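All values derive from a computational prediction rather than experimental measurement. Letters go in sequence order (proteins before strands), and every chain restarts at 1.
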Amino acid sequence: MNTFPENTTAYLIGVDYSGTKKCARLVFYEPKLAKLYAWYGDNHFPYCLTNLSPFELEKISEIMKHPSLKKIELTTKFDAIKNEDITVTKIIVEDPKAIGGGKPRENVRDIIPEMGGGKVWEARIPYSSCYIYDKNIEMGMPYNIVDKKLSRVIYYDAEDRIKQITEKVQMTNDRWVRLCEYPVPEFLRIALDIEVLGAERTRVPDPIKAEYPIVSVCLISNDGKRKILLLLREGIEIGTDEVNANLDFFPTELDLIKTLFEEIKNYPFVITFNGDNFDLPYLYYRAIKLGMVKEDIPIMLTKHGAKIRDAIHIDLYRFFFNRSLRNYAFSGKYKAVALDEIGEALLGKGKLHAHQDIWLATEMRIWTYTQLAKYNCQDGDITLELTTYNENLVMKLIMVLMRISMLSMEDLIRSPISRWILSMLQYEHRRRNYLIPNPDDLILAKGKAVTEAVIKGKKYKGAVVVEPPAGIYFNVDVVDFASLYPSVLKNLNLGYQSIRCEHEECKSNLVPETPHWICQKQKAMEGEIIGLLKDLRVFHYKKLKKDPYYGVVEQAIKVFLNAAYGVFGDEDFDLYCPPVSESVTAMGRHSITSTIEKAKELGIEILYGDTDSIFLKNPTKEQLENLTKWSSQILGLDLEVDKHYRYVCLSARKKNYMGITDNGEIDVKGLTGKKKHTPPIIKGAFNVTKKYFSKAKTPEEVEALKKALKNVILDVYLRIKRRDFELEEMAFNMTLGKSPTAYEKTIPQHVKAAKMLEKLGIYLKKGDSIFFVKCAGKEVKPIQLAKKEDIDITKYHEMLKATFEQILDSLDIEWDSIIGIVKLEQFF
DNA sequence: AGCTTTGGCGACGAGT
DNA sequence: ACTCGTCGCCAA
């Protein structure tokens, strides 16, 4: 047990104010135990303790020696941290101003300016909630696990493996391998989902008002607990639905809530879907409303999310919302972040649709108990299952991401990719005893971007895209550079320290197309880390993809690699350094253009290229080999054949093509026919034509499919003309990029439609989707308000034409050759 | 409250 | 009739 003796002396090393809660978190250090403690003002949450790594200890002891740092006397008892056996209740700060407000790093900077060489010094201590330092992997492990009898990881066979991999990938330090290889424990956890009466389909009840009763609570754990807590209400029948859970009935809501709090006590992890913004705040305010006192409610609401006392709260909504994860770890399988859609996409399990219909038709308040329980249970099941499916893939992914980013679980699942990378780099700074620069100083020292972007309003120039010639081309090889940008970062030794360094001798080491030079004397940590991760992925984990655990590791590394370059171009990133990001793209441009030239020199015809990929028309094996050899020798980049296409349809538009692989699979890129907003009737026709392309193998067969293609188009053309369709088929589906009220410069059509919906009492917000149709007279209508007769036939014909022209261009078919027949038909 | 980047297409709004 | 900007979606 961690004990903090009474009347001992500790050192206050930082104050972190929460502006909204008007409370301070004091971070202090007890030298005898070599431990960091943090205390939140009047909130009764023991902010768990962190043991310190040796380098942190050293750092802190330096700070401690400084005379301007006040000693803090810890005198009496604190309820706040009593259950940690720490008996302190009052911290006397001699002169609060000496410590000041704001973030710890600013404090220390103010107090000890010379330590930071002026302004560049960061002293935020990397303690994290609920963590215990683990020397095997040089990072924290969830602390609560120890208390709650969850078996810890046993480090038996990892060491040998680590050694082997480290040698194989030729690393001098095994730290990264260690982080990726250490096993992930099976976390004991419980899913929590509440149902509130009076919720409407279009509006979620306001948690702060908490005006409706909680009528049902679902608790499902991965150690077999399946409970539905139901509130007894007058006139409600038990019903006949079968529910795979124990139903417990409560005469009062207070009993129900108290039981819920008791139940979750035994679990170190509580899983919710949107618990940060709904379930937990609602529970909190509802409990207050029913007379409970703060101290008895194990929920703390913070700016960054809802916390649960002595537990780690995982809000899956926040986790799945992360754009990088959405795209790279889950390869865009779900678009909207809703339990329904994610469940469907990852588990093949949506909400109970039968019950949703009831929801729409009537209201939850007349459901029978079993109906309600079944609905609730399904949501709870999905929530838990999202963390258990595929051998706990999500928990493993979270753990690996934590280890790479050096973030705590609660922070990780709630923060964007830029924070992960920042944290990773901050850790690396601390580990190496480096100072962490301030963003302002960094810009001052390294300057802004100098290249001019192609797109107006962008900060610097990006990638090149080759103009494709329209037409069908057979036997096409697509080669691309493996992890181009991470490779560039590594090969050029790029980082904020190395770009535009101080040395005169380095100034001749220029990045192509830029005036920037790169240091040749010292290694940049960004290039090094990204390079290490890249090598680890390419040379090791990519081959092990099929193993469930290593597949996770591979995905996790990929997420970091993909974002690694971009963050340096993000103004809000603490290590924002435009010369770095524009050097990466400049070198990227140089790489692809010189490779294209080399290919031409070798006699290969180039059809298309985008950023890091080149389409080669029917190259010989020898030509290919020469090219890849040249690339690795001269550029130091791995050029590999990514795909072979039986044939490709190029439309003369950049980022728009269709490739048919040898086994008949079709890659559609950028074409309108596959876009999310395209009405189903057109998308459907597009998908039908894909089948024909899939079957064609020879130029003759492609020639032959033209007729079938024309028929499909004509068919849909006529269906539209005859109004032989369902309204749903005509709907455009668009997402509101902002709140409907926030559009000022122009009012796009989908926003107009959203505003019309408001008259029906349906209020859409940012991120919501709207379905609308185009009507006569340039009008639009949300699908709820439209009738079949409203549809503007001409508009949809234009849309059909525009969609298929992208393909017809490559086939050299005139639009009129298809609908010309129809015009004739009109006479009959 | 939500945050990696730039390049490109198509549709439309809003002004000349 | 024309241009230019805005918006959403997509490629990399």
Determine the contact category for [X]: base if any of its heavy atoms lies under 4.0 Å from a base atom, sugar-phosphate if only primed atoms, P, OP1 or OP2 are that close, otherwise nothing.
X: A/Lys752; answer: sugar-phosphate
X: A/Tyr608; answer: nothing
X: A/Val668; answer: sugar-phosphate
X: A/Tyr485; answer: nothing
X: A/Gly462; answer: sugar-phosphate
X: A/Ser418; answer: sugar-phosphate
X: A/Ala802; answer: sugar-phosphate
X: A/Lys778; answer: nothing
X: A/Lys654; answer: sugar-phosphate
X: A/Tyr460; answer: sugar-phosphate

How would you list, by chain and number, every residue that makes a ring-ring contact (aromatic ring centres under 6.0 Å, His included) with [X], sequence neighbours excluded?
X: A/Phe278; value: A/Tyr282
X: A/Phe732; value: A/Phe772, A/Tyr796
X: A/Phe330; value: A/Phe320

d([atom1], [X]; [atom2], [N]) in whole Å:
X: A/Lys461; N: C/dA12; atom1: NZ; atom2: C1'; value: 17 Å
X: A/Lys558; N: C/dA12; atom1: NZ; atom2: P; value: 13 Å
X: A/Lys669; N: C/dC9; atom1: NZ; atom2: C1'; value: 14 Å
X: A/Arg589; N: C/dA12; atom1: CZ; atom2: C1'; value: 14 Å
X: A/Gln806; N: C/dC9; atom1: CD; atom2: P; value: 16 Å
X: A/Tyr328; N: C/dC10; atom1: OH; atom2: P; value: 14 Å
X: A/Phe615; N: C/dA12; atom1: CZ; atom2: P; value: 7 Å
X: A/Met658; N: C/dC10; atom1: CE; atom2: P; value: 17 Å

Problem set entry | Validation row: A/Phe686, A/Thr672 side chains within 4.5 angstrom (heavy atoms) | no

For this session: Just grab all the salt bridge (charged side-chain N to carboxylate O under 4.0 Å, His left out) pairs involving residues 729-744 of chain A, residues at least two apart or on different chains.
Result: A/Arg719-A/Glu729

For this session: Can you run down the salt bridge (charged side-chain N to carboxylate O under 4.0 Å, His left out) pairs that involve residues 765-784 of chain A, sequence neighbours left out, and say none if there aren't any?
Result: A/Lys765-A/Asp768, A/Lys781-A/Asp790

Kindly list each side-chain donor-acceptor pair under 3.5 angstrom involving residues 747-756 of chain A, sequence neighbours excluded, with atom names and distances?
none

Exercise. Sub-3.5 Å donor-acceptor pair from the side chain of A/Glu410 to the main-chain atoms of A/His313, do we have one?
Worked result: yes

Problem set entry | A/Trp420 side-chain N/O to A/Ser415 backbone N/O, donor-acceptor pair under 3.5 Å |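 At least one qualifying donor-acceptor pair exists.
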
Problem set entry | Positional range of nucleotides in DNA chain B within the contact set of chain A, heavy-atom, under 4.0 Å |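 Under 4.0 Å from chain A, the extent on DNA chain B is B/dC3 to B/dA14.
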
For this session: Apply salt bridge (charged side-chain N to carboxylate O under 4.0 Å, His left out) to A/Asp570 and list each qualifying residue two or more places apart in sequence or on a separate chain.
Result: none

Exercise. Can you pull the side chain to side chain donor-acceptor pair (under 3.5 Å) pairs that have at least one residue in residues 480-489 of chain A, sequence neighbours excluded?
Worked result: A/Ser487-A/Lys534

For this session: Identify, residue by residue, the members of residues 735-751 of chain A with a heavy atom below 4.0 Å from DNA chain B, and return them in order of residue number, or none.
Result: A/Lys745, A/Thr746, A/Ile747, A/Gln749

Seminar exercise, completed: Within residues 449-456 of chain A, those residues having any heavy atom closer than 4.0 Å to DNA chain B are A/Ala453, A/Val454, A/Ile455

Problem set entry | Euclidean distance for P, B/dG2 against C/dG8 (whole angstrom) | 16 Å

Exercise. When rounded to the nearest Å, what value does the distance between C1' atoms of C/dA11 and B/dA1 take?
Worked result: 28 Å

For this session: Nearest 0.5 Å please: distance from the CD atom of A/Glu728 over to the CD1 atom of A/Ile783.
Result: 4.5 Å

Can a donor-acceptor pair be found between the side chains of [X] and [Y] at a distance below 3.5 Å?
X: A/His644; Y: A/Asp477; answer: yes
X: A/Thr735; Y: A/Lys676; answer: yes
X: A/Glu582; Y: A/Thr451; answer: yes

Problem set entry | Residue whose closest nucleotide on DNA chain B lies nearer the 5' end, A/Arg653 versus A/Lys766 | A/Lys766

Problem set entry | Helical bend (five base pairs per end, nearest 10°) for the helix from B/dT5-C/dA12 to B/dT16-C/dA1 |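 Nearest ten degrees gives 10° for this helix.
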
